[in-house]
*Asks:* 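Here's a structure for you.
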Amino acid sequence: MTSPLRMFPRGDRTPKAEDLLDDPATRRVRTAAAWREARALLAEHRGYVALGVLLTLVSRLAGLVLPASSKYFIDHVLVNGAREQLLPMAAVVMAATIVQASTGYLLSRVLGVAAQQAVNTMRRRLAAHVLRLPVARFDATQSGALISRIMGDPEGIRNLLGSGFVQLLGGIVTAGAALGVLFWIDWRMTSVMLLFLIAIGGGVAYAFATLRPVNRERSREFARVTGRLGESLGGIRIVKAYVAERREDLTFTRGVHRIFRLVIASISGWSAVGALTAMTVGSIGATLILVGGRAVLAGAMTLGDLAMYALFTGLVAAPLIQVAQIGTQLSEALAGLERARELLDQPIEEGWEAGRPVVTRLAGAVHFDRVDFHYQEGVPVLRGVSLDAPAGTTTAFVGASGSGKSTLLGLLAAFHRPGNGVITVDGVDIATLDLRSYRAQIGLVLQDTFLFDGTILDNIRFSRPDAPLDAVRRVAQVAHCDEFIARLPDGYDTVVGERGVKLSGGQRQRVAIARALLADPSILLLDEATSSLDSESEAFIQAGLDALRRGRTTFVIAHRLSTILSADQIIVLDEGRVVERGTHHALLDAGGRYARFYEQQQRMARNRFVNPGEELADLP
C-alpha cells in the first residue's frame with residue numbers, strides 16, 4: 001500500500017534514510033521478524049497465556065448456558081406451564097453468570113499484570129540496547145525520537161499479550177462452538193450465513209495487511225514529532241532569542257497534522273470493516289427472520305429452536321463485531337514490535353562482547369599509528385596521524401576548527417573507530433579491550449558541559465556513585481567548586497536543573513572537572529575544560545589540574561596558553577594532519593606555524609589591551 005505521506009506536499013517532510021530503505025523486501029523481512037518476536041513473546045509468557053486461555057474457555061462455556069437453555073425454557077417450561085422448573089433454571093443461569101464474571105475478572109487481572117511486565121521488560125531491553133549504540137547513531141538521530149520509541153513502541157505488547165489476543169482467541173472458540181450448534185439446528189440456513197461470515201473474514205484480513213504499515217508509519221512520525229518538540233524545549237532560550245516560537249509552532253503543527261492524517265487513515269479502514277460487519281450481521285438477521293420465520297410457521301422448527309438459533313447467532317456475530325477493535329489493537333502491537341525489532345537489530349558498539357580483556361589499571365602509554373578517520377564517506381577528518389604520548393605526560397592539541405582535535409579525543413575514548421590505523425594503550429589495541437572497563441579508566445571534560453537534573457552531589461558522584469562525601473569534598477576543592485557551593489542555600493544538595501541551567505557556565509564546568517577528578521582516571525581528556533572560566537577561577541583550578549596530571553596521561557585541547565605552556569608536547573594539526581610537534585619553546589624556536597600564530601596572538605592581545613599571551617585562539 002502506498003504510504004499516505006506521499007500525498008503530502010513535499011515541503012512538509014524531509015525524506016529520511018529509513019524511508020529510502022523502507023522498500024517492500026525490507027518490510028517483508030521486518031514483518032517476519034515482528035511475527036517471530038510476537039511468537040517469542042507469547043512463548044516467554046506461556047504460563048500466563050495458558051492460564052488466560054483456560055479462564056477464557058471456562059468463561060465462554062459459562063456464557064453458553066443462557067442461550068442453550070432458551071429452547072428448553074420456551075418449548076418445555078413456558079409451553080407446558082412447568083412452574084416448578086423456573087427456580088432451578090434461574091439458579092443454573094445465575095451460577096453460570098457468576099462463573100463467567102469471576103473468570104472474566106481473573107482473566108483481566110492475570111493478563112493485565114503479564115502484559116505490563118512484558119511492556120516493562122521490552123522497555124528495559126530497548127533502553128539497554130540504545131545506551132550501547134555507537135555515538136554516531138546518536139549524532140544522526142534525535143534523542144526525543146529514541147525516547148519515544150523506547151517508551152511508545154512496547155505499548156502494543158499490552159494488546160498482544162493482554163486482553164486483545166485472548167479476546168480474539170475466546171471469540172474464535174465461542175464462535176466455533178456456536179457455529180456447530182447452528183449447523184445442528186439447521187445446516188441449510190447456517191450454510192447461507194457462513195458465506196456472510198467468510199466475507200467478513202476476508203475484509204478483516206485485507207484491512208489487517210493494509211493498515212499495519214499505516215500504524216507503523218504513524219509510530220515513526222510520532223517519534224519524529226516528539227524528537228523535534230524535545231529539541232525545541234531543550235533549546236528554548238535559542239528559540240526565544242531568535243523569536244522562532246511561530247516557526248517551531250508551525251513545524252509542530254505540520255507534524256501533528258501528519259499524525260492526524262495517518263490516524264484518520266487507520267480509523268477509516270477499521271471503520272469500514274466495522275460497517276461491513278454491521279451489514280453482515282444485519283443480513284444474517286434478515287435471513288433469520290425470513291428463513292427461520294417460514295420454518296416455524298411451516299412446523300419444521302419450534303419457537304424454542306428459533307430463539308436458541310437467534311441467541312447462538314448472536315454468539316457468532318458478537319466476536320465479529322469485536323474484530324475491528326481487536327484487529328486495530330493487534331495491528332498496532334505488531335507495528336510496535338516491528339519498530340522495536342528494527343531498533344534491537346542495530347549493531348551496538350564493539351567492545352561489549354564477553355571474553356574481551358578486562359582493564360584493571362592502565363599505565364597510560366598511548367600510541368596513534370597512521371590513523372585515518374571520516375564521519376562522512378569521502379570527507380576525511382584525520383589523515384595518517386601518528387603520535388606517541390608516554391605514560392604520565394601531557395599532550396596538547398592546537399589547530400583551527402575542524403582540524404581534528406576533538407576527533408582525536410573521541411577516538412581515544414572509543415566513541416568512534418579509526419577507518420585505518422591503530423590506537424594502542426600500553427601496547428594493546430583499544431579496539432580489542434572490554435569497553436566498560438576501559439572507559440572506567442578515562443576522565444572526560446567537554447567544552448559543552450552536560451549536567452543531569454539532580455543535585456550537585458549527584459552530578460559529581462556520577463563518575464563514582466559509591467564515593468564517600470569526603471572524597472567528593474576533596475575533588476570539589478581541587479576543582480574550585482567549594483567556593484560557590486558554600487554560597488548556595490542547600491550546598492551540595494542544590495538541584496542544578498536540566499543540563500545544569502541553574503548554574504553559570506563556569507560553575508557547570510567546575511562541577512564537570514570535579515566529576516572527572518573523582519573518577520581517578522589513568523587517562524584524562526580535557527576538551528576546552530577551562531573555556532568557561534574567568535582568569536581568576538582558572539588560576540585556582542590550574543594548580544589543581546597540574547597536581548591531578550601528575551602520574552596520569554593527559555590530553556588537552558585549549559586556547560589559553562596557561563593551559564598548554566607546561567605540556568610535555570604540543571601537536572599542531574592542520575586539515576587532519578600533524579604539521580608540527582614539540583614543546584612550547586621548541587616550537588617557538590623552530591619559527592614555524594605555531595610560532596607565527598603565537599606572535600600574531602601576542603599582537604592581537606596587546607591591541608585589545610588584554611594581558612599579552614593570555615589567550616590562544618584557533619590557528620588561521
Side-chain angles (χ1 to χ4, degrees), residues 143 230-231 233-241 396 406 409 413 442-521 524-549 552 554-564 610-611 614-617:
S143 58
E231 286 183 334
L233 297 180
I236 191 64
R237 287 170 174 78
I238 299 300
V239 171
K240 290 184 176 296
S406 296
L409 296 193
I442 294 177
L444 178 64
V445 181
L446 300 174
Q447 181 178 8
D448 183 17
T449 304
F450 185 92
L451 299 183
F452 292 90
D453 186 10
T455 65
I456 293 176
L457 180 62
D458 292 336
N459 275 282
I460 296 178
R461 271 181 173 164
F462 191 80
S463 59
R464 275 181 58 201
D466 58 344
L469 183 58
D470 288 343
V472 174
R473 292 183 183 277
R474 283 197 298 272
V475 297
Q477 186 176 10
V478 172
H480 202 48
C481 293
D482 55 340
E483 168 260 326
F484 74 84
I485 292 176
R487 298 198 302 266
L488 298 173
D490 296 325
Y492 283 90
D493 293 324
T494 300
V495 177
V496 302
E498 187 177 5
R499 300 183 66 92
V501 295
K502 296 182 180 179
L503 301 180
S504 69
Q507 290 171 343
R508 289 196 297 270
Q509 207 155 27
R510 281 182 265 178
V511 171
I513 292 173
R515 179 171 60 193
L517 301 183
L518 188 64
D520 189 25
L524 191 62
L525 308 180
L526 306 176
D527 189 351
E528 295 290 346
T530 59
S531 63
S532 296
L533 303 177
D534 55 65
S535 299
E536 182 180 359
S537 297
E538 185 191 8
F540 282 105
I541 288 182
Q542 197 60 53
L545 289 177
D546 289 342
L548 173 71
R549 289 187 334 217
R552 291 181 172 85
T554 305
F555 293 86
V556 180
I557 299 174
H559 292 157
R560 293 187 175 183
L561 283 176
S562 55
T563 309
I564 64 174
V610 178
N611 184 24
E614 179 182 328
E615 294 192 353
L616 185 63

*Asks:* Are side-chain heavy atoms of V511 and V496 found at a separation under 4.5 Å?
*Replies:* no
*Asks:* Please give me the minimum heavy-atom distance between A514 and V475, naming the atom from each residue.
*Replies:* O-CG2, 3.7 Å
*Asks:* Are any of the side-chain heavy atoms of L469 and R461 separated by less than 4.5 Å?
*Replies:* yes
*Asks:* Look up atom CG in L444 and atom CG in L525, then write down how far apart they are to the nearest 0.5 Å.
*Replies:* 5.5 Å
*Asks:* Report the distance from atom CG of D493 to atom CG of L488, rounding to the nearest 0.5 Å.
*Replies:* 11.0 Å
*Asks:* If we only count heavy atoms from C-beta on, is the R515 to N459 side-chain gap below 4.5 Å?
*Replies:* yes
*Asks:* For a quick test of reading the model, state the closest non-hydrogen atom pair linking A476 to I460 and the distance between them.
*Replies:* CB-CD1, 4.4 Å
*Asks:* What I'd like to find out is whether the side chain of I485 reaches to under 4.5 Å of the side chain of T494, using heavy atoms alone.
*Replies:* no
*Asks:* Nearest heavy-atom pair of C481 and R510: which atoms, and what distance?
*Replies:* SG-O, 3.2 Å
*Asks:* Picking from Q507, K502, R508, what satisfies side chain to side chain contact (heavy atoms under 4.5 Å, CB included) with L451?
*Replies:* R508
*Asks:* Considering all heavy atoms of both residues, which atom of I442 and which atom of A413 are nearest to each other, and what is their separation?
*Replies:* CD1-CA, 4.0 Å
*Asks:* Determine the minimum heavy-atom distance between V445 and A516, stating which atoms define it.
*Replies:* CG2-CB, 3.5 Å
*Asks:* Specify the closest pair of heavy atoms between D482 and Q477, including all atoms of both residues, with the distance to one decimal.
*Replies:* OD2-CG, 3.5 Å
*Asks:* Do the side chain of T554 and the main chain of L524 share a donor and acceptor less than 3.5 angstrom apart?
*Replies:* no
*Asks:* F555 versus L409: any side-chain heavy-atom pair under 4.5 Å?
*Replies:* yes
*Asks:* Is there a side-chain contact between R474 and D470, using heavy atoms and a 4.5 Å cut-off?
*Replies:* yes
*Asks:* In terms of heavy-atom contacts, does CZ of F462 have more than 12 from other residues, nucleotides or ligands at under 6.0 Å?
*Replies:* no
